[in-house]
Amino acid sequence: MSNEAVGSNKASEAGSLWGGRFEGSTAESVARLSRSIQFDWRLAKYDIDGTLAHIKALQSAGYLNLAELKKLEKDLVELAKRVELGSFQAKPSDEDVHSALERGLIEISGGELGGKVRAGRSRNDQIATLIRTYLLDQSDVIQALVEELVDVLAVRAEEHLGVAMPGRTHFQHAQPVLLSHHLLAHAWPLLRDLERFADWRKRASLSPYGAGALAGNTLGIDPNLVAQELGLAGPTQNSIDATSSRDVVAEFGFIATMIGINLSRFAEEIIIWATAEFGYVRLADAFSTGSSIMPQKKNPDVAELARGKAGRMIGDLTGLLSTLKGLPLAYNRDLQEDKEPVFDMVDTLTVLLPAFSGMVATMKFNVERLEALAPAGFSLATDVAEWLVKKKVVFRDAHEITGNLVSYCEKHGLELHEVPDAEMAKISEALTPDVREVLSVAGSIKARSGAGATALPRVLDQLTAIRRLVPKRDA
Ligand code: ARG
């Protein structure tokens with residue numbers, strides 16, 4: 001062994017939950033490697049809730065009498081208070097949140113009573129439960145922030161009903177659409193993320209407590225009772241699976257990352273829209289930043305950070321999935337690595353979403369410019385082709401004829417509606433002057449009136465549907 005200092009990891013020593021079978025102490029380097037207290041301390045509240053549920057089950061199985069249960073309950077509430085106030089804090093010598101809180105409880109209840117609590121549970125079933133209860137709470141916070149953004153998008157859509165803008169494919173002008181339709185196209189993916197959270201809850205709301213290290217416990221502790229106390233739907237079905245799987249964590253990570261990606265897609269547009277070349281939007285001062293050298297600069301940093309942080313979350317998720325892929329049953333210490341990635345995703349979204357919503361709520365659309373550019377790039381060509389189809393021209397021919405018309409316009413620097421009648425007739429006799437009826441942005445938008453399309457009545461349908469899911473907030 002190297003001559004490094006040895007850590008203190010005898011069972012008798014505070015902050016350790018094991019050590020009885022060891023003669024020597026753990027090497028300091030191993031203690032440092034092993035330690036998770038620096039990040040899992042945020043689970044303290046959830047660990048105490050788990051212990052409160054567990055002691056009820058211990059009492060009901062006959063390992064605590066009623067007086068002991070009452071005393072421990074009082075002491076755990078006191079411990080929770082000390083944790084919240086910071087008067088009880090984790091120490092570097094505590095390996096993890098479980099060790100720290102056992103030390104804290106023993107400080108209050110004494111070793112005789114406090115030492116009984118660990119019976120019938122393992123850190124394996126404990127941590128598998130805590131990560132679920134923690135993520136369930138965090139999903140509530142994130143869902144509320146996502147709903148706020150959906151509300152903002154709906155408000156912006158309501159404010160700009162009837163405003164046309166260029167719709168794009170391949171980032172080229174394609175067909176005119178309503179700005180409200182475009183904005184709501186960013187709301188729907190977020191609504192699906194909310195739906196994903198609701199569905200994820202069904203799988204997350206089960207309690208692994210009682211699974212023990214992997215095979216269950218011999219003390220007759222009732223997993224149903226613990227689940228009920230924790231407000232979960234019931235116990236998990238298989239103790240090996242319950243202690244070794246983290247797909248529930250990975251699924252949360254996917255939903256969080258997908259939210260990040262959905263923000264990033266919109267962010268990319270906002271960054272482009274805010275350029276002088278596009279000039280679609282102006283960001284509010286409060287939601288943009290300046291440059292330390294270029295006095296004229298107003299930068300879309302919120303959107304850029306959204307784009308950047310999506311990459312970071314993809315990294316978190318990828319790391320987590322990689323941790324899981326080669327693990328044999330049941331618990332492996334690798335699983336300790338599940339926490340930092342999801343904690344990072346939670347922190348990232350909770351700091352990003354409010355700023356992002358603020359940016360979207362306050363940016364000003366240049367309505368005149370959006371309207372003026374809506375017909376640019378021959379974006380009404382499809383309308384011409386479909387007008388020809390209505391005149392019984394085969395679509396294949398209609399496409400060709402319209403293509404020739406566009407080509408004529410490009411050569412002569414004209415817009416579609418500016419081509420002289422005689423020239424149109426030369427391209428095709430089917431191209432009669434009344435084609436100009438469909439050569440307006442308003443007409444083009446109005447004609448697209450099927451379910452989910454860009455015509456105003458359909459956009460209003462979408463808004464009604466969204467408002468049913470996310471009611472309007474009080475201003
Ligand atoms: N800190 C550990 C984790 O996060 C807790 C479980 C430890 N279990 C064990 N057998 N060492 O996974």
Side-chain angles (χ1 to χ4, degrees), residues 7-11 13-22 25-27 29-51 53-54 83 90-105 117-138 204 207-217 226 230 236 239-250 252-253 316 319-346:
S8 55
N9 223 337
K10 298 300 291 171
E13 281 155 356
S16 177
L17 300 183
W18 51 273
R21 63 101 68 214
F22 288 80
S25 295
T26 319
S29 60
V30 175
R32 262 205 308 274
L33 170 68
S34 209
R35 195 169 289 151
S36 55
I37 190 70
Q38 65 282 15
F39 56 82
D40 65 16
W41 183 238
R42 74 163 77 188
L43 299 175
K45 166 188 170 330
Y46 301 92
D47 196 332
I48 294 174
D49 287 347
T51 302
H54 177 68
V83 168
K91 285 196 209 153
S93 56
D94 297 317
E95 183 183 325
D96 55 22
V97 63
H98 322 295
S99 330
L101 291 173
E102 176 163 310
R103 176 173 65 77
L105 182 62
V117 168
R118 212 197 313 153
R121 74 175 177 186
S122 153
R123 282 183 291 172
N124 297 356
D125 58 354
Q126 238 180 307
I127 193 67
T129 309
L130 304 196
I131 194 70
R132 286 164 183 256
T133 46
Y134 167 78
L135 290 178
L136 283 164
D137 264 9
Q138 298 311 310
S207 167
Y209 245 102
L214 80 162
N217 71 83
V226 179
L230 286 174
T236 44
S239 60
I240 298 177
D241 170 45
T243 47
S244 63
S245 297
R246 292 293 183 272
D247 54 284
V248 158
V249 181
F252 176 95
D316 288 332
L320 172 57
L321 292 171
S322 312
T323 298
L324 303 183
K325 76 174 265 297
L327 297 185
L329 299 178
Y331 179 84
N332 298 276
R333 193 62 182 276
D334 313 43
L335 291 173
Q336 182 163 299
E337 297 296 315
D338 68 344
K339 280 165 225 56
E340 283 164 293
V342 276
F343 291 171
D344 187 59
M345 291 190 230
V346 165

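Note that ligands are numbered from 1 as they come in the structure, with each ligand's atoms numbered from 1 the same way. The first residue of the sequence shown is numbered 1, and numbering continues consecutively from there.
Heavy atoms of Glu95 found under 4.0 angstrom from ligand 1: none, in either backbone or side chain.
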(request) In sequence, state the C-alpha distance, the side-chain angles, and the governing distance for Asp137 and Tyr46, and then conclude on side-chain contact (heavy atoms from CB on, under 4.5 Å). (result) CA-CA 10 Å; Asp137 264 9; Tyr46 301 92; 2.6 Å; yes
(request) Decide yes or no on side-chain contact (heavy atoms from CB on, under 4.5 Å) for Thr51 and Arg121, but give the supporting numbers first. (result) CA-CA 10 Å; Thr51 302; Arg121 74 175 177 186; 3.0 Å; yes
(request) Walk me through it: do Asp47 and Gln126 pass the test side-chain contact (heavy atoms from CB on, under 4.5 Å)? (result) CA-CA 8 Å; Asp47 196 332; Gln126 238 180 307; 3.0 Å; yes
(request) Apply salt bridge (Lys or Arg N to Asp or Glu O under 4.0 Å) to Asp338 and Arg246, showing your working. (result) CA-CA 8 Å; Asp338 68 344; Arg246 292 293 183 272; 3.0 Å; yes
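The shortest heavy-atom distance from Gln126 to ligand 1 is not under 4.0 Å.
The option from Gln336, His98, Glu337, Lys339 that lies nearest to atom 1 (N) of ligand 1, judged by heavy atoms, is Gln336.
At a cut-off of 3.5 Å, with distance as the only test, a side-chain donor of Asp96 or Ser99 sits close to an acceptor on the other residue. Between the side chains of Tyr134 and Arg42, at least one donor-acceptor pair of N or O atoms lies under 3.5 Å.
The ligand atoms of ligand 1 that sit less than 4.0 angstrom from a heavy atom of Ser36 are 1 (N). Atom numbering of ligand 1 starts at 1 in the shown order; those under 4.0 Å from a heavy atom of Ile127 are 4 (O), 12 (O).
Looking only at heavy atoms of the protein, atom 12 (O) of ligand 1 is closest to Tyr331 OH, 2.5 Å. The nearest protein atom to atom 8 (N) of ligand 1, hydrogens excluded, is given as Asn124 OD1, 2.9 Å; this is a heavy-atom distance. Protein heavy atom nearest atom 11 (N) of ligand 1, with residue, atom name and distance: Arg123 NH2, 3.7 Å.
Of the candidates Arg103, Arg35, Arg32, Arg123, Arg123 is the only one forming a salt bridge (charged side-chain N to carboxylate O under 4.0 Å, His left out) with Glu95.
For a threshold of 3.5 Å applied to N or O pairs, the pair formed by Arg246 and ligand 1 contains no separation below that value.
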